[in-house]
Participant: 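Sharing a structure, written as structure tokens. Questions coming.
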Amino acid sequence: MDISQLALIAALGFAGLLFLIAFLADREGRPRWLASPVVYTLSISIYCTSWTFYGAVGSAARNGLEYLTIYLGPTLVFIGFWALLRKILRIAKRDSITSIADFVSSRYGKSDSVAAVVTILALLAAAPYIALQIKAIAASFQVLGSAPGDLTGAAAAAPDPVVAFWITAGLALFTILFGTRTVDINERHLGVVAAIAVEALVKLVALVAVGALAVWGVADGPSDLFERMADSAVPLDTPFGMRWVGLILLSGAAIICLPRQFQVTIVENEREGHLFTAAWLFPLYLLVMSLFVLPIAVIGLDVLPEGSNPDMFVLTMPIAEGRTDIALLAFLGGFSSGTSMVIVSCIALSTMISNHIVMPLALRSPGARLQGGGDVRRFLLVSRRLSICFILLLGFIYLRTGASGEGLASIGLIAFVGAAQVLPALLGALYWEGANRRGALAGLIAGGIVWAYALFLPNIFGGVAWWDALAEAGPFGQAWLRPGALFGLQTDDALMHALFWSLTFNCIGLVLGSLSRLPNPIERLQAALFVGVFREEAGAGTLRGGAASADQLFDLAQRIMGADRAYDIFRSYARGQGAATEFPTVDDAFIAHLERRMAASVGAASARAMILSVTGSETISLDELVRIADETARLMTYTSEVTRKSDEIERAATQLKAANDRLRTLDRQKDEFLSQVSHELRTPMTSIRSFTEILSGTHDLKPEEQERFIGIIHAESIRLTGLLDEILDMSVIESGDGERALEPVDPEAALDQALDACLGLLRTGDVRVETARVDRAVLVQGNLARLSQVFINILSNAVKYNTNDAPVIHVESQVTADDYIVVIADNGAGIPPEEAQTVFDRFSRGRTAGTQIGAGLGLAISHAIVTRSGGTLRLLPGSGGARFEVRLPLSEAESLA
Amino acid sequence: MAQRVLIAEDESNIVESLRFVLMREGYEVSHALDGAEALSLVRRETPDALVLDLMLPKLSGYDVLKELRADVATRALPILMLTAKGQAHDRQAAEDLGVDAFMTKPFANSDVVAQIARLLGSDA
Amino acid sequence: MREGGRARDLALIVPVIGLFALMPPLVGLFVGGAVAGVPLILAYLFGVWLALIFVALLLARRLKGQAEARDESGSTASS
């Protein structure tokens with residue numbers, strides 16, 4: 001039987017075995033060993049693809065120790081798991097992250113655009129990588145087919161397109177059957193993990209077997225090997241320069257950023273504890289794989305014909321030694337390496353494509369009708385299956401267009417540089433709270449473009465005339481834009497050139513983009529949740545597990561909504577629960593209730609995150625949370641303060657306007673007063689001056705004239721004095737200074753005094769007075785003289801302003817339960833309604849009034865006196881003459897009596 | 001025949017002093033205690049000059065002045081306006097309405113006499 | 001806790017030491033020459049590698065023990 005037919009049968013049988021394992025693993029009650037950290041570690045070793053299995057030997061034969069960089073980078077990352085991988089893992093588990101695109105976009109405000117850009121970048125980077133696997137598998141078939149006649153492995157240089165196509169189709173079918181049987185909620189694929197763990201063992205055993213054959217079968221043990229090594233063409237004096245450093249960093253980035261590595265290390269991880277094992281076991285796996293690469297390269301160069309393809313040494317060397325069995329095992333190892341990479345890559349990428357490109361488009365397209373859960377499920381499955389076909393097709397196309405003649409390792413490195421573009425955004429996500437969506441997008445796009453331009457496209461179009469012309473002269477003749485020598489950076493190493501510029505622009509984009517604007521609230525929240533994922537473990541003031549207490553929830557709520565509102569919510573809910581306390585019993589319903597109330601303030605996502613973290617289902621520290629809450633509260637306070645301030649200003653403006661109006665009125669009143677006082681003072685002064693001049697300038701006055709004029713002067717002097725007294729009175733009563741204390745007095749006596757005082761006036765005016773007096777003695781708080789002054793004032797006004805031909809004044813006093821009331825009415829013209837408002841104001845004497853005595857202060861003084869005694873003086877409404885009512889509260893003594 | 005002066009003033013003491021002073025200068029003096037009375041007396045008695053107080057009951061000095069100036073018969077009547085309000089705008093308003101002389105209370109008797117003499121063009 | 005703090009610090013420092021040891025110019029010192037028939041550069045690189053793995057093993061054991069102790073004292077809500 002031909003060895004290639006045997007290989008085909010073995011491959012199909014092996015595939016069947018893998019299905020069986022996957023089926024068993026996916027069953028309910030799966031075996032315990034599946035959940036072991038060893039299986040987890042083995043699944044991570046899909047890092048070792050055909051590139052490793054076949055290409056590393058090729059790389060070693062060509063470039064000596066350089067192949068080690070590809071394994072030293074991941075070794076350092078895993079040994080440093082505590083700082084990076086553990087953090088990613090913790091966040092991813094908390095947030096049910098499904099892919100690296102999901103992880104990065106989730107950090108940058110759950111941005112669809114970031115996710116889409118990462119997905120596209122990953123897809124482009126995957127194409128050469130998958131092409132590499134197809135090429136390796138196809139080549140391995142062909143090499144076996146041409147063996148043992150031709151052991152140069154020449155077929156590997158240009159694999160038969162038909163073989164490559166059927167391998168691609170077979171891989172597509174295989175992957176669809178494996179990876180998309182179900183749509184798992186958290187995108188985990190236990191069966192696949194089990195299968196690739198088995199494949200990891202197969203490739204390890206195979207490589208070790210070939211290595212052992214080299215060392216002990218061909219060479220005579222290690223010492224012989226090292227002697228042969230010294231003589232061989234394998235260059236051990238690899239220059240440890242930029243390329244060495246760059247490749248270690250690049251492979252370190254790839255072990256984190258490659259979608260399939262993220263899938264197995266993070267998404268498929270069962271327990272955080274497994275990482276603690278993988279931290280040393282995975283580097284050990286890499287070390288063992290690397291250990292035999294060099295011997296195989298050395299022996300291969302020794303035993304195989306000159307010009308043989310070193311990428312195929314793993315296969316051709318055993319055949320050359322007549323060990324078909326080991327060659328077959330090596331074939332299966334290579335098959336395992338290729339298939340496991342393709343399966344997991346396709347699963348990871350198809351998840352990203354369907355979640356971040358197809359779904360958002362479907363949800364946005366107006367024709368989309370995705371309602372039921374089953375509908376979405378079917379839609380997702382179909383989109384994933386189509387995505388897998390699409391990814392493999394891309395790989396196949398890449399194989400057909402570019403990559404010809406390249407070593408396997410160099411193709412893989414192109415993919416690495418593409419995948420590494422996600423690293424700045426990822427590290428920014430984990431360690432820099434200030435990084436935001438704009439920065440992430442800018443970095444990813446800038447880095448992606450430089451990578452595509454300087455590495456990816458040259459690899460596809462290299463050898464095509466128009467591209468070569470462009471690469472030679474630079475686009476538009478701009479030499480500094482040549483893809484191989486950007487900005488005049490001349491180097492033989494296109495990979496390092498592209499790596500340097502792409503990551504440089506990527507980082508610049510991330511930093512400048514992030515600094516160009518402040519993160520929005522969701523970005524800030526996500527940043528805190530990502531960067532500070534471990535703060536919980538920092539100790540003091542943190543919550544650990546279990547349900548939150550009402551106190552803790554209250555503390556959170558009051559920071560967001562303010563103490564009063566939070567208290568209202570808690571108390572009313574407690575009342576609704578029938579609780580006797582102020583705080584409700586914390587149950588799911590209350591937490592949901594509180595979350596809804598908080599969502600109104602900070603948005604649903606933030607409210608959820610905050611609540612979840614307090615209730616212990618999340619791993620953010622209370623301090624961190626409180627900081628976020630405070631920030632929100634500060635923002636809200638600021639906003640409400642601005643609103644309040646503007647309200648205040650408006651109110652103040654209104655008050656100011658009112659005060660201003662009032663001041664204007666007062667000012668006008670003051671002017672009027674001054675004018676009136678001036679008038680009132682000038683009038684008696686005029687008489688006094690005039691008669692004084694007469695008396696002093698006229699010598700022939702009759703004695704009776706003299707006497708009369710002196711009498712007038714005297715009277716006018718008295719009038720002047722009275723006027724001044726009034727003004728003084730007013731100010732004294734209004735200020736309250738120097739006034740005698742209130743005492744119980746009989747208001748009836750004051751009224752009697754007033755009537756007596758006005759007797760002369762009443763007689764002169766021929767006024768009839770009608771009285772209806774209270775028939776018993778009463779007491780009010782007051783001052784007898786002042787009260788009588790009030791009555792005199794009202795009575796004299798009633799006389800003076802009474803224009804009736806038969807003036808009548810009606811005086812009526814009465815006592816109610818609390819008050820003593822006097823109403824003094826006249827039958828004059830009354831006070832016009834427009835003056836009724838101001839009748840008690842100072843200096844507002846009726847304009848239409850006739851003969852005037854006093855400065856118009858009388859009613860103002862009276863009003864002040866009555867008010868000071870605790871009573872009221874008012875003008876009763878109604879037509880006819882003026883009716884004034886004096887109402888005085890009865891004194892304590894009186895009420896008791 | 002003696003020239004006649006009408007005094008329109010509501011303060012009786014001021015009326016008395018003015019009457020005394022002007023009578024001693026040889027004028028024939030009559031008086032009105034409010035604006036309306038002043039107006040009717042001017043029309044009835046046609047005095048040669050009017051001493052008019054600004055703050056008069058019933059009809060203010062301004063109103064009286066306006067009436068008189070609007071009437072052809074009294075347009076040229078010499079009027080001395082008296083006021084206890086010393087403000088400039090009062091004086092301006094009075095002059096705009098066409099008073100011939102304006103005096104602020106309290107006044108010197110001699111000034112009143114001099115103004116009346118000037119208004120009547122006599123050299124008393 | 002003091003012991004745990006030291007283990008955590010070591011966990012952060014060891015990969016940095018590893019990086020330093022594997023970087024030029026340090027690796028350049030071991031080019032050429034042999035030790036017990038093995039090329040010196042091979043012995044050095046694989047030796048450093050093995051040492052790193054060994055230290056990682058010790059650290060992982062210690063840190064895992066601590067993490068589990070903490071998990072038991074707290075809740076096991078999410079992991």
Side-chain angles (χ1 to χ4, degrees), chain A residues 64-65 68-69 71-73 75-84 86 89-90 93-94 222-223 225-227 229-230 236-242 244-245 248-249 252 271-273 275-284 286-287 290-291 294 536-537 539 544-546 615-619, chain C residues 1 4 7-32 34 36-46 48-68 70-71 73-79:
Chain A
L65 294 176
L68 285 176
T69 55
Y71 312 100
L72 288 174
T75 293
L76 290 171
V77 170
F78 267 79
I79 283 171
F81 75 102
W82 186 259
L84 187 62
R86 193 176 62 107
L89 189 58
R90 182 69 66 87
K93 289 196 138 336
R94 183 190 68 200
S223 52
L225 177 78
F226 288 126
E227 272 170 36
M229 194 181 287
L236 282 186
D237 52 348
T238 314
F240 294 102
M242 273 306 296
W244 176 267
V245 176
I248 288 182
L249 296 178
R271 301 177 52 138
E272 195 176 304
L275 185 61
F276 288 69
T277 301
W280 59 270
L281 190 56
F282 178 60
L284 187 62
L286 294 177
L287 185 143
S290 308
L291 201 55
L294 213 52
E536 184 202 7
E537 292 167 11
R544 195 168 289 132
T615 54
S617 331
E618 299 283 330
T619 51
Chain C
M1 252 352 242
R8 274 204 294 273
D9 290 347
L10 266 180
L12 295 176
I13 290 166
V14 165
V16 178
I17 295 171
L19 189 67
F20 176 74
L22 294 173
M23 286 282 146
L26 205 59
V27 274
L29 293 178
F30 300 90
V31 177
V38 181
L40 181 60
I41 183 67
L42 275 185
Y44 174 72
L45 286 175
F46 281 93
V48 168
W49 199 342
L50 259 178
L52 286 174
I53 290 168
F54 186 65
V55 173
L57 169 65
L58 293 181
L59 281 174
R61 285 247 169 108
R62 173 154 292 170
L63 290 168
K64 192 178 182 183
Q66 285 172 12
E68 276 165 3
R70 197 168 47 238
D71 275 355
S73 72
S75 86
T76 47
S78 60
S79 57

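Protein chains get the first letters and strands the later ones, always in sequence-line order, with residue 1 at the start of each. When reading the values below, keep in mind they use all heavy atoms of this one structure, side chains included, and skip hydrogens, waters and symmetry mates.
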Participant: Using a 4.5 angstrom heavy-atom cutoff, name the option from A/Leu287, A/Leu76, A/Val245 with the most pairs to chain C.
Facilitator: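 Highest number of heavy-atom pairs under 4.5 Å: A/Leu287.
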Participant: Looking only at heavy atoms, what is the nearest atom pair of C/Ala56 and A/Ala279, with distance?
Facilitator: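 Closest approach of C/Ala56 to A/Ala279, heavy atoms only: CB-O, 4.1 Å.
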Participant: Please classify the contact between A/Ser290 and chain C as side chain, backbone, both or neither, with a heavy-atom cut-off of under 4.5 Å.
Facilitator: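 Looking at A/Ser290, backbone and side chain both touch chain C.
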Participant: A/Trp280: what forms a ring pair (Phe, Tyr, Trp, His ring centres under 6.0 Å) with it, not counting sequence neighbours?
Facilitator: none
Participant: Go through C/Pro25, C/Gly18, C/Pro39 and name the one with the most non-hydrogen pairs under 4.5 angstrom from chain A.
Facilitator: C/Pro39
Participant: What part of A/Leu275 is in contact with chain C, defined as an atom under 4.5 angstrom from a non-hydrogen atom: side chain, backbone, both or neither?
Facilitator: neither
Participant: For A/Ile79, is it the side chain, the backbone, both or neither that has a heavy atom under 4.5 Å from a heavy atom of chain C?
Facilitator: both
Participant: Suppose we screen for ring pair (Phe, Tyr, Trp, His ring centres under 6.0 Å). Which residues come up paired with A/Phe226, at least two apart in sequence or across chains?
Facilitator: none
Participant: Go through the atoms of C/Leu58 and report whether side chain, backbone, both or neither lie under 4.5 Å from a heavy atom of chain A.
Facilitator: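 Looking at C/Leu58, nothing touches chain A.
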Participant: For A/Arg86 and A/Phe276, work out which heavy atoms get closest and say how close.
Facilitator: CD-CZ, 4.4 Å
Participant: How are the rings of C/Trp49 and C/Phe46 set to each other: parallel, tilted or perpendicular (split at 30° and 60°)?
Facilitator: parallel
Participant: Report which part of C/Ile13 has an atom under 4.5 Å of a heavy atom belonging to chain A: side chain, backbone, both, or neither.
Facilitator: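 Answer is neither: C/Ile13 stays 4.5 Å or more from chain A.
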Participant: I need the minimum non-hydrogen distance between C/Leu63 and C/Ala11, along with the two atoms involved.
Facilitator: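 Closest heavy-atom pair between C/Leu63 and C/Ala11: CD1-CB, 3.7 Å.
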Participant: Only pairs of heavy atoms separated by less than 4.5 Å count here; which of C/Val14, C/Leu42, C/Val48 has the most with chain A?
Facilitator: C/Leu42
Participant: Counting only non-hydrogen atoms closer than 4.5 Å, does A/Leu281 touch chain C with its backbone (N, CA, C, O), its side chain (CB onward), both, or neither?
Facilitator: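 Neither the backbone nor the side chain of A/Leu281 comes within 4.5 Å of chain C.
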Participant: Given that the side chain runs from C-beta out, which part of C/Leu12 has a heavy atom under 4.5 Å from chain A: side chain, backbone, both or neither?
Facilitator: side chain
Participant: Sort C/Val31 into side chain, backbone, both or neither according to what part of it lies under 4.5 angstrom from a heavy atom of chain A.
Facilitator: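 Contact with chain A is through the side chain of C/Val31 alone.
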Participant: Is it the backbone or the side chain of A/Tyr71 that comes under 4.5 Å from a heavy atom of chain C, or both, or neither?
Facilitator: both
Participant: Which bit of A/Leu65 comes within less than 4.5 Å of chain C, counting heavy atoms only: side chain, backbone, both or neither?
Facilitator: side chain
Participant: What part of A/Met242 gets within 4.5 angstrom of chain C, counting heavy atoms only: side chain, backbone, both, or neither?
Facilitator: neither
Participant: Please confirm whether the backbone N or O of C/Asp9 pairs with a side-chain atom of A/Trp82, one donor and one acceptor, at under 3.5 Å?
Facilitator: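 Such a contact is absent between A/Trp82 side chain and C/Asp9 backbone.
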Participant: So how far is it from C/Leu57 CG to A/Thr277 OG1, rounded to the nearest 0.5 Å?
Facilitator: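 Here the rounded value is 9.0 Å.
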Participant: Can you name the nearest heavy-atom pair linking C/Pro15 to A/Gly80, along with the distance?
Facilitator: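 In this case the closest contact between C/Pro15 and A/Gly80 is CG-CA, 3.4 Å.
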